[in-house]
Amino acid sequence: MRYIIGIGNYSMADDGIGLRIVEHIAENGLDRGFKAIDIADEGMRLLFYLNEETEKIVLVDAVDLGLPPGEFRLFKPEDVASTKELGKLTTHESDILEILRFAKSLGYRLPPITILGIQPEDLSPRMELSPALRERFDAYLRAALEEVGKDG
Amino acid sequence: MTQNLSINVHHLTRVEGHGNIVVDVKNGKIEKMQWQVPEAPRFFEAMVRGRHYTEVARITSRICGICSIGHTLASVKATENALGIRISPQTFKLRTLIKHAENYDSHVLHIYFLVAPDLFNAPSVFPLVPTHTEVVVRALRMKRLGHEWGSLLGGRTTHPNRVIPGGFAEYPTEGELKNLRERLVNLQPDLDATVQTVLSVADKLPSFERPTEYMALSSDKEYSLYDGVIQTVMPDGKKQRWPVSDYKSCTNEYVVPQSTAKYTKNKMGSYMAGALARFNNNYDQLHPEAKKLAEALKFKPLCFNPYMNSVAQLVEVVHSVKDSVRLIDEVLGAGYKPEELAQPTKYGQGQGSVEVPRGILFHDYGYDKDFMCTGGNCIIPTNQNHANIQLDLEALVPKLLDAKRDEKAIELGLEMLVRAYDPCISCSTHYLKVEFKR
């Protein structure tokens, strides 16, 4: 099985981009040949999709890439180092790289994972996306759909 | 007594969101003792106004990624009450089953990943992987069941899109329900092992008591999670009830300077909501297996120790598993089949309340003749616990100072107290911050 997985918080503006992409896919029946999964605030749920039957995961998330707002990159977890200051593993203030490290320490075999990282503009408590991300929504969607079909 | 102390826990870890604990003691006098919570403004009213009744729950389920099932259920119940939509006994049972899934899932997460590290002297679950591999693997196995149990009833995502006003949009098959039943029955060894793990560290839970008022949904029919009336039990054991429509007169929201979240109170200076409040109110209706566990832990109502909230969660984990087996048997035994959605019969104002993992949750909406929402209100359990946390800390700090604990031990004691409430402050973000490797 292949998955596009969204993680984030709807109530914090652009932090909800991953959830909105996944929701758009599910509502418009675009999930053909893969499943669209919303794991919301709980990164730990990613672990349940890391198994032998998983051929590919595309994770959609807001990522501070140091780029202009709305820009995005596709990258592998092993291509980057997290620079977020995280003292401890929590379910909330976590990031997916940490969850993947946790999985590895437990002996999980990681399937091919690509992160679709989108540079946020606004992470304040608002229930909507910033204009920069709204404008490029279709580009993120296309990138996610294209990537999930690729091997590796 | 410790003479000078300055604790400033900024963004307490292992709670769902951001909260600060600030303590200042000078020359033996407590000058400042605050539980500070910056709550994100939610614009709840603006989110729902002008929406058709079929859309409202889908929107309000997004308020919280952890309790999205509970928000959906409180929302559809409020809508159904406002519009005179009468659900079937089968819908009632299936909704109770998904409510059990949410409480089970959240409690397992809280007990194993947020509370256990304190009891195992670890900063997080990370360092426990090599030393307690079997416990971590078991926790994840149990967590996975919770995720799949909720998804089966609610749909594949966190936000349960199958639960809608009038009933369900889609149904699990009979085979899927039977499979879930089998998995719940087969969970027994993991439940037993969990109890043993908790028993092995139970003496690490501080023995602090502060009698308060406890609020929970209550019903004459069952241990209330999905439905009931508002009940509180006072420190002397006296109980009183109100209809859910009177929720404003029991919650009495007010504003405090140190927080942008509203606080609440009822008969006393504060009240507690959550697993311990449910345990104290509704102990008699717990499943016999859950009671047996409580007895083994010498845990009985009324319990005034807020740290025991995590143990009450464990008792509820057992209750939810056992009661869900009963519900599946009853649903399948009564000619299980997909049903037509029940339709509106009136319009006006309606309230809905359920017990989410952290306590009693209220939704309240008005609808016009076209079934469009004219306004809404929501009171979450975490906010209802803030005043009680503040009063607990005020009572606890002098005790810890008298016991001449060092600053680090005092800080840990306070952090553990707040974590016991499992507060969900929900203003956190999850974004990554990365640097590309060269």
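As the structure is a computational prediction, the values presented were derived from the model and not from experiment. By convention in this document, chain letters (A, B, ...) are assigned in the order of the sequence lines, proteins followed by strands, and residues within each chain are numbered from 1.
- Counting all heavy atoms, side chain and backbone alike, A:Phe48 lies closest to B:Arg144 at O-NH2, 3.2 Å.
- Between B:Asp105 and A:Arg45, at least one side-chain nitrogen of the basic residue sits less than 4.0 Å from a carboxylate oxygen of the acidic one, meeting the salt-bridge criterion.
- The 12-atom threshold is exceeded at CD of A:Glu27, counting heavy atoms of other residues, nucleotides or ligands nearer than 6.0 Å.
- With sequence neighbours excluded, no residue satisfies salt bridge (Lys or Arg N to Asp or Glu O under 4.0 Å) with A:Asp138.
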Please report the C-alpha distance between A:Phe102 and B:Leu140 in whole Å, then the side-chain angles of each, then the deciding distance to 0.1 Å, and finally whether the side chain to side chain contact (heavy atoms under 4.5 Å, CB included) criterion is met. CA-CA 12 Å; A:Phe102 180 55; B:Leu140 286 170; 4.2 Å; yes
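- Here the CG atom belonging to A:Asp38 is positioned 7.5 Å from the OG atom belonging to B:Ser68, to the nearest 0.5 angstrom.
- For A:Lys76, the NZ atom is densely surrounded, since the number of other residues' heavy atoms within 6.0 Å is greater than 12.
- Remark: B:Arg62 CZ to A:Met127 CE distance equals 6.5 Å, nearest 0.5 Å.
- One finds the CZ atom of B:Phe126 at 5.5 Å from the CZ atom of A:Arg101 (value rounded to the nearest 0.5 Å).
- Note that the OH atom of B:Tyr112 and the CE atom of A:Met44 stand 13.0 Å from one another [nearest 0.5 Å].
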